[in-house]
Amino acid sequence: MMKEVDYRGWAKYLVLLMRVAGMESRRSRIQGEKLCEFACGTANISIILSKLGYDVTGVDSSGDMLKVAKEKLARRKSDKLHLVHHDMVTYSQKESFDRAVCVYDSVNYIPTSAALGCFFGNVYEDLKPGGVFVFDASLESNSLNEPSLFVQRGKHKGVFYHRKSLYDPETKIHTTYVRVKKNGRVIEEVHREFVYNLALIRKLFSAAGFEERFAAGDFTMLDANDYSERVHFVLVKPDHD
Ligand SMILES: C[S@@+](CC[C@H](N)C(=O)[O-])C[C@H]1O[C@@H](n2cnc3c(N)ncnc32)[C@H](O)[C@@H]1O
């Protein structure tokens, strides 16, 4: 199902958002810049960003996702991308990165606001002063407005999938049941996403020390609001103490 996502377009959008924060995007200037992708999954975005010239570290807590990512990397023989098996909430590499990204609802997998605050605190520590962090979060509108996503089934390149989503407005938990069948093998997964509101997300990253440059709604360059479905935040670690 992830194959249907336009990762190239998403990576382009991330680079555009970094420009909003005053970061260079010319290939000649970004060569060797250190970028961390938190929750990199199977490295779709990481690979595109490393091709652009960033020296990418991809962090994910799922051994299965990283296994697929490593198979892709083995085919490419790239030394500008390395993968780390770690929980992003507790990953800590003091002032190692110029930029950080975390996309596709990955922060929604963090189950409590305390853990989300801890994540923001560690990303802040991981960045060099002046560093930029771009991440997205799925808001409640995304869970309430998109009934078409609630049941999906189909076939893509020989893989049958069935996906069913349920949202509980009381607990703010969005649960997705996924069943995939490939070569007679069935894989079943349950994904739980925790929906945070705009004000709480802002409160938590501000407490970590970040300054907000922009919060863009729904893949546009317009300001996000509570009715946005997905928000991309562009944050800066100030260059002073
Ligand atoms: C929806 S997938 C997105 C993957 C990737 N960013 C992409 O766009 O293809 C969410 C990812 O978050 C990872 N993840 C969830 N909680 C995590 C955590 N605490 N630390 C690191 N990775 C986590 C999962 O393993 C999964 O790869």
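Keep in mind that the numbers below use all heavy atoms, side chains included, and drop hydrogens, waters and symmetry copies. Atoms within a ligand are numbered from 1 in the order they appear, just like the ligands themselves.
Salt-bridge formation is detected for the pair D136/R230: a Lys NZ or Arg NE/NH1/NH2 atom is positioned less than 4.0 Å from an Asp or Glu carboxylate oxygen. Salt-bridge formation is not detected for the pair E95/K128: no Lys NZ or Arg NE/NH1/NH2 atom is positioned less than 4.0 Å from an Asp or Glu carboxylate oxygen.
For the ligand labelled ligand 1, residue Y91 lies outside the 4.0 Å heavy-atom shell. Heavy-atom distances between I45 and ligand 1 stay at or above 4.0 Å for every pair. Heavy-atom separations between D105 and ligand 1 are all 4.0 Å or longer.
For atom 13 (C) of ligand 1, the choice among V101, T176, T42, D60 with the nearest heavy atom turns out to be D60. Counting only non-hydrogen atoms, the option in A115, A11, S106, P111 that gets closest to atom 11 (C) of ligand 1 is S106. Proximity annotation for atom 20 (N) of ligand 1: of M88, H191, E193, M88 comes nearest, heavy atoms only.
Close approach to C40 involves these atoms of ligand 1, each under 4.0 Å from a residue heavy atom: 5 (C). Under a 4.0 Å criterion applied to the non-hydrogen atoms of E37, ligand 1 contributes the atoms 6 (N).
When all heavy atoms are compared, the tightest approach of E140 to V195 is N-CG1, 3.4 Å. Heavy-atom minimum distance, S228 versus A224: OG-CA, 3.4 Å. Among all heavy-atom pairs drawn from I45 and A11, the shortest one is CD1-N, 3.9 Å. A pairwise comparison of heavy atoms in P238 and E211 identifies CG-OE2, 3.5 Å as the closest pair. Minimum interatomic distance between L198 and D226 (heavy atoms only, all atoms of both residues): CB-OD1, 3.4 Å.
Residue contacts with ligand 1, taken as heavy atom pairs separated by less than 4.0 Å, involve Y109 solely via side-chain atoms from C-beta onward. Neither the backbone nor the side chain of W10 comes within 4.0 Å of ligand 1, counting heavy atoms alone.
Taking the six-membered ring where the residue is Trp, F135 and F120 present tilted rings, their angle falling between 30° and 60°.
Residue-to-ligand polar distances place A39 within reach of ligand 1: an N/O pair is separated by less than 3.5 Å.
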